Q: 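Below: one structure in C-alpha cells.
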Amino acid sequence: MTAQRFRPEYRIRRSRDFRRAYQLRATVSDRLLLVFAHPNDLPHPRLGLSVSRKVGRAVVRNRWKRLIREAFRLTRPRLPQGIDLVVIPRQGAEPDLSGLMDSLPRLAHRAARKLVQESR
RNA sequence: GGAGAGGACAGGACGGUCGCCGGCUCGGAUGCAAGGGUCGCCAUACCGACCCGCAAGCAUCCGGGCGGGAGGAAAGUCCGGGCUCCGAAGGACACGGUGAUGGGCAACACCCACCGGCCGCGAGGCCAGGGAAAGUGCAACAGAAAGCAGACCGCCGCACGGGCCUGCCCGUGCGGUAAGGGUGAAACGGCGAGGUAAGAGCUCACCAGCAGGCCGGGUGACCGGCCUGGCUAGGCAAACCCCACCGGGAGCAAGGUCAAACAGGGAGCAGUGACGGUGUCCCCGCGCGCAAGCGCUGGGCCGUCCGCGGGUCGGUCCGGUCCGCUAUCGACUUCCGGGUAGACUGCUGGAGGAGUUGAGCAAUCGGCUUCCUAGAGAAAUGGCCGUCGCCUGCAUGCGCAGGAACAGAACCCGGCUUACACGUCCUCUCCAACC
RNA sequence: CGCGGGGUGGAGCAGCCCGGUAGCUCGCGAGGCUCAUAACCUCGAGGUCGCAGGUUCGAAUCCUGUCCCCGCCA
C-alpha cells in the first residue's frame, strides 16, 4: 500500500541536485524520454522533471508531468534504489501512460548499470 | 417556415478506488518540557512528612477522520489601478500617451447615454470622431495643367498670307476663353436665365456648402429658423506639427524577517585632492553681442573614490599571489553589523459573490439580508473503472464502436483583445403562407 | 515572470525613420573564353515582403491585432 505513495522526499527539489545530474552527463534515452542519472545516498530513487516549452503549451506540459509522476509512482517497486532520475520528454513524442510505465523502469535500470560501469 | 439583428447563460452529471496540495481535527512514538502547595521549625534556606500534578505545551516522525482544490477566457501582456521599494528631485521645456459631448468609475485607451458622419429595405452595425481659412511638407504614372491653378484639342477675336463657286475655307502668328473633349484617386460648386466676339459668380433667382450675427430648444456636443456677406475655402495630421488633458522609475524573482563565528565589510566627522554628473535650463562668474540671447578644461551644487585595472590559483559576495598605472600610498577616532544560498513572510476576505429593495433612460451607486469560494514553490488540482445524458457511423427493436472544443492559477483587482465543441433562453426585424 | 530585437528570391542582408522604382553579395540557368575545369566576361530566371484587418488614391514601409524565431535580467 505505502509502496504507491509519492511524497516530497521522492522528488528532486534542489537546484544543486539537478546541476549534479546534468554535469555527470550519464544519459539514457528512447523514443519517449531522455534521462539524466546520478547516484544518491538514499534508500530509494528520486524523480526530477524538466519539461521545456518546446514540447508544447502549458496544458501539454502539465499532462507530461502528471503522467511521468504517475508512471514513477506505479512502477517505483521495480526501479533501482539510490538513484536520482532527471526525466525529460522528447520533442515530438505523445504522452502515454502505458508507454511511460514500460519505458521508465527500463531506462532507470540501464542508467543504473551505466553508473556502476563508470564508477570503475 | 425561411433569412437575419441584438443580448444573456452555460463550458456534461453521478459514483467507486489509488494518489497529490494545503486547512481543521483526533490519536500514537521519540526527545525536550515542572514543579507547586500545606504542615513541622521564631523565621528563610536546607531537611522531613502529606497533598495536587507528571502532561497541557513545543519539536520531529507516523497514522486516522472531516470538508475544500483551475477558467470564461486562468491566455496574450495591450491599457488602468491597488501594494512595495528606489530617488536630492520642484517648475518649465523636451519625450510618451489620449482625443466630439454629458455622465459612471479608484482609474482607464473601459462602460452607459446622447450628438455627428458612413453602411443596411429594416432590426441594427461601424468610426484614432480636435485643428488643414497657424506654419512646414507630400501626391508615382497618366495628363495641357496637381495647389497663390492650368491653354493640348476645341471655341472666339484681330493681323498677315493663300485659295475663291468673293463674305466662305485653309495656314501662320498674337491675344481672349475653363462652357465641351480626353487623363487621373482627386481638375476650384449644381442648374436655369441674363450677358458676351466666345465665355466665365461677370450679374441674378433657386439649391448644396462656408463664414459672421440674431432668435428658439438642449447642462452640452449640437439641432431648427431668420438675416447679412463673399462666391469657394480641395485631400492627407495612423506626415512633421498646433491645441487641450494625463504621465517620476522599477516591479511580489517588488519588498521584509532570521543562527553562530571570525576574517573582513560598511557608515559618520575632519583633511585633501581626483574622477564623473541630473535629457536641457534655473544661482554666481567670465567671454561675445546694441539688445534679446548665445557660449564655457568655469564655479557653486550633486554623486563616487581613502587606490584603480588586468592575469593567475582556490572559491558563496570573496581571498591569496603576480604585473601595470597613478595625484595624496588611503591617518586618527567613534559607531553599525550586513548580503548570497536556505527557511519564514508578503499570500489571499476583496473597488468580493448571491438575493432583495430604493435612486437613475442606462452604465452605476446606496440600504438590508446572506455566503466564504485554490494558494503551489524544480511548482498540487491527477490515474484507473462504472452508470446515465449529448453527437457521429453501423444498425434502426435491443445494441456495438468512436468522439466531446479553446485552454492550466503564480501578488491582487477593473477592462480590452484573441481562441472556442455540443448547446439553452430572451427581445426584435424582413420575407412567404394560413386563420 | 518581466523586457528587448527580428521575420524581404535558395542562403545572408539592404530598403522601412521621410509611403509610389523591391536592391546587394553568394548560389542557380544559358552563352562566351579554354584542349578541358576553375576563375573571368555577358545575359537571364527566381520574391504572397510571416498572416489578417485598418488609414490612404496608393502600404514591404504608418497603425492595430495575431503567429513564429532569437536574445537579456533574476
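Everything numeric in this text was worked out from a predicted model, so none of it was measured. Here is the naming used below: chain letters follow the sequence lines, and residue numbers restart at 1 for every chain.
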Q: Whom does B:rG157 pair with, Watson-Crick or G-U wobble, provided both distances fall under 3.5 Å?
A: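 B:rG157 is paired, partner B:rC174.
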Q: What is the distance, to the nearest angstrom, from the CG atom on A:Asn62 to the P atom on B:rA410?
A: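 Rounding to the nearest Å, CG of A:Asn62 and P of B:rA410 are 12 Å apart.
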Q: How far does the P atom of B:rG229 sit from the matching atom of B:rA128, given to the nearest Å?
A: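 Going atom to atom, P in each nucleotide, I get 42 Å.
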Q: Should C:rU55 form a Watson-Crick or G-U wobble pair with both distances under 3.5 Å, which nucleotide is its partner?
A: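 The base-pairing partner of C:rU55, which may sit in any strand shown, does not exist here.
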Q: Taking side chain to side chain donor-acceptor pair (under 3.5 Å) as the definition, give me every residue that meets it alongside A:Thr75, ordered by chain and number, with sequence neighbours left out.
A: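 For A:Thr75 there are no side chain to side chain donor-acceptor pair (under 3.5 Å) partners, ignoring immediate neighbours.
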Q: May I ask you to verify if any side-chain N or O of A:Arg63 is less than 4.0 angstrom from the OP1 or OP2 atom of B:rG383?
A: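 So the side-chain polar atoms of A:Arg63 do come within 4.0 Å of the phosphate oxygens OP1 or OP2 of B:rG383, strictly under.
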Q: I need the minimum non-hydrogen distance between A:Leu34 and A:Ser29, along with the two atoms involved.
A: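 Taking every non-hydrogen atom into account, CD1-CB, 3.7 Å.
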Q: Write down the partner of B:rC294 under the Watson-Crick or G-U wobble criteria, each distance required to be under 3.5 Å.
A: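 Check on B:rC294: paired to B:rG287, both distances under 3.5 Å.
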Q: Tell me the interatomic distance from A:Arg73, atom CZ, to B:rC20, atom C1', rounded to whole angstroms.
A: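 The answer, rounded to whole Å, is 9 Å.
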Q: Which way is the base of B:rG201 turned, syn or anti, if we draw the line at 90° from 0?
A: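 Syn, angle within 90° of zero.
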Q: Name the pairs: protein N/O against N/O of nucleotides 65-72 of chain C, kept only if under 3.5 Å.
A:
none

Q: Could you check if the base of B:rU373 is syn or anti? Syn means the glycosidic torsion is within 90 degrees of 0.
A: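 It is syn.
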Q: How long is the gap from CG on A:Leu104 to CG on A:Leu67, to the nearest 0.5 Å?
A: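 Rounded to the nearest 0.5 Å, the CG-CG separation comes out at 12.0 Å.
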Q: Give none if B:rA34 has no partner; otherwise give the nucleotide forming a Watson-Crick or G-U wobble pair with it, both distances under 3.5 Å.
A: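 Pairing partner: none.
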Q: To check you understand the geometry: which heavy-atom pair defines the closest contact between A:Leu107 and A:Val28, and what is its length?
A: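 Scanning both residues completely, I find the closest heavy atoms to be O-CG2, 3.4 Å.
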Q: Identify whether the glycosidic angle of B:rA5 places it syn (within 90° of 0) or anti.
A: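 B:rA5: anti glycosidic orientation.
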Q: Taking atom P in both B:rC388 and B:rU417, compute the distance separating them and give it to the nearest angstrom.
A: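 My reading of the P atoms in B:rC388 and B:rU417 gives 44 Å.
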Q: Take the protein atom CG of A:Leu100 and the nucleotide atom P of B:rG382, then report the distance between them rounded to whole Å.
A: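 Interatomic distance, CG of A:Leu100 to P of B:rG382: 17 Å.
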Q: Across all strands, who's sitting opposite B:rC325 as a Watson-Crick or G-U wobble pair, both distances under 3.5 Å?
A: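 Paired with B:rC325, as far as the under-3.5 Å criterion goes, is B:rG307.
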Q: Is there side-chain contact between A:Ile88 and A:Phe36, with heavy atoms separated by less than 4.5 Å?
A: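 Yes, at least one pair of side-chain atoms sits under 4.5 Å.
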Q: Take atom CE of A:Met101 and atom C1' of B:rG383, then tell me their distance rounded to the nearest Å.
A: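 About 10 Å, once rounded to whole Å.
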Q: Only one of A:Arg69, A:Arg46, A:Arg73, A:Arg76 clears side chain to side chain contact (heavy atoms under 4.5 Å, CB included) with A:Tyr10; which?
A: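 Single side chain to side chain contact (heavy atoms under 4.5 Å, CB included) partner of A:Tyr10 among A:Arg69, A:Arg46, A:Arg73, A:Arg76: A:Arg76.
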Q: In Watson-Crick or G-U wobble terms, both distances under 3.5 Å, what is the partner of B:rC24?
A: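 Pair assignment: B:rC24 / B:rG65.
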Q: What interatomic distance, in whole Å, is found between P of B:rG209 and the corresponding atom of C:rC49?
A: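 So the two P atoms sit 43 Å from each other.
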Q: State which of B:rA379, B:rG408, B:rG383 makes the closest approach to the side chain of A:Leu97.
A: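 The closest nucleotide is B:rG383.
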Q: Distance between the P atoms of B:rC110 and C:rG65, in whole angstroms?
A: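 These two P atoms come out 12 Å apart once rounded.
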Q: Any donor-acceptor pair under 3.5 Å between the side chain of A:Arg11 and the base of B:rG377?
A: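 No.
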Q: Round to a whole Å and report the spacing from CZ of A:Arg66 to P of B:rA378.
A: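 Value for this atom pair: 17 Å.
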Q: Would you indicate whether the side-chain heavy atoms of A:Pro95 and A:Leu100 approach each other to under 4.5 Å?
A: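 Answer no - side chains too far apart.
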Q: Does B:rG212 pair with anything, Watson-Crick or G-U wobble, both distances under 3.5 Å, and if so, with which nucleotide?
A: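 WC or wobble partner is B:rC227.
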Q: I need the minimum non-hydrogen distance between A:Arg31 and A:Arg90, along with the two atoms involved.
A: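 Looking at all heavy atoms of both residues, the shortest contact is O-CD, 3.6 Å.
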Q: Within the structure, does a side-chain N or O atom of A:Arg69 lie under 4.0 Å from either OP1 or OP2 of B:rU381?
A: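 Yes, A:Arg69 has a side-chain N/O under 4.0 Å of OP1/OP2 on B:rU381.
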Q: If you find the nucleotide of RNA chain B closest to A:Gly48 and the one closest to A:Leu67, which residue's nucleotide is nearer the 5' end?
A: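 With A:Gly48 and A:Leu67 compared, the 5'-side residue is A:Gly48.
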Q: Over how many whole Å does the gap from A:Leu49 atom CG to B:rG382 atom C1' extend?
A: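 Nearest whole value for this atom pair: 13 Å.
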Q: Hey, is B:rA10 sitting syn or anti, using the within-90° cutoff around 0?
A: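 Here B:rA10 takes the anti form, which means its glycosidic angle is more than 90° from 0.
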Q: Considering only atom C1', compute the distance from B:rU370 to B:rU17 and round it to an integer number of Å.
A: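 38 Å, rounded to whole Å.
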Q: With a 4.5 Å cut-off on side-chain heavy atoms, are A:Arg113 and A:Val116 touching?
A: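 No; the side chains remain at least 4.5 Å from each other.
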Q: Can you tell me, in whole Å, how much space there is between the C1' of B:rC85 and that of B:rC105?
A: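 The answer is 29 Å between these two C1' atoms.
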Q: Can you tell me if CD on A:Gln81 sees more than 12 non-hydrogen neighbours from other groups inside 6.0 Å?
A: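 For A:Gln81, atom CD is crowded (more than 12 foreign heavy atoms under 6.0 Å).
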Q: If I pick the P atom on B:rA200 and the same atom on B:rA178, what distance separates them, to the nearest angstrom?
A: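 Comparing P positions in B:rA178 and B:rA200 gives a spacing of 8 Å.
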Q: Partner of B:rG423 by Watson-Crick or G-U wobble geometry, both contacts under 3.5 Å, or none?
A: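 Paired with B:rG423, as far as the under-3.5 Å criterion goes, is B:rC9.
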Q: By nearest heavy atom, map A:Arg61 and A:Ser50 onto RNA chain B; which one lands nearer the 5' end?
A: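 Its nearest nucleotide being more 5', the pick is A:Ser50.
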Q: Using the P atom as the reference point in each nucleotide, state the distance between B:rG287 and B:rU272 in Å, no decimals.
A: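 Per the computed distance, 30 Å lies between those P atoms.
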Q: Rounded to whole Å, how long is the line connecting atom CD of A:Glu70 with atom P of B:rC384?
A: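 Interatomic distance, CD of A:Glu70 to P of B:rC384: 8 Å.
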Q: Where does B:rG72 land, syn or anti, once you apply the within-90°-of-0 test for syn?
A: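 Chi for B:rG72 falls in the syn range.
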Q: As a test of reading the structure: which of B:rA379, B:rG383, B:rG408 is closest to the side chain of A:Val59, going by heavy atoms?
A: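 For A:Val59, the side-chain atoms sit closest to B:rG408.
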Q: Measure from NZ on A:Lys65 to P on B:rG377 and round the result to the nearest Å.
A: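 So the NZ-P distance, A:Lys65 to B:rG377, works out to 13 Å.
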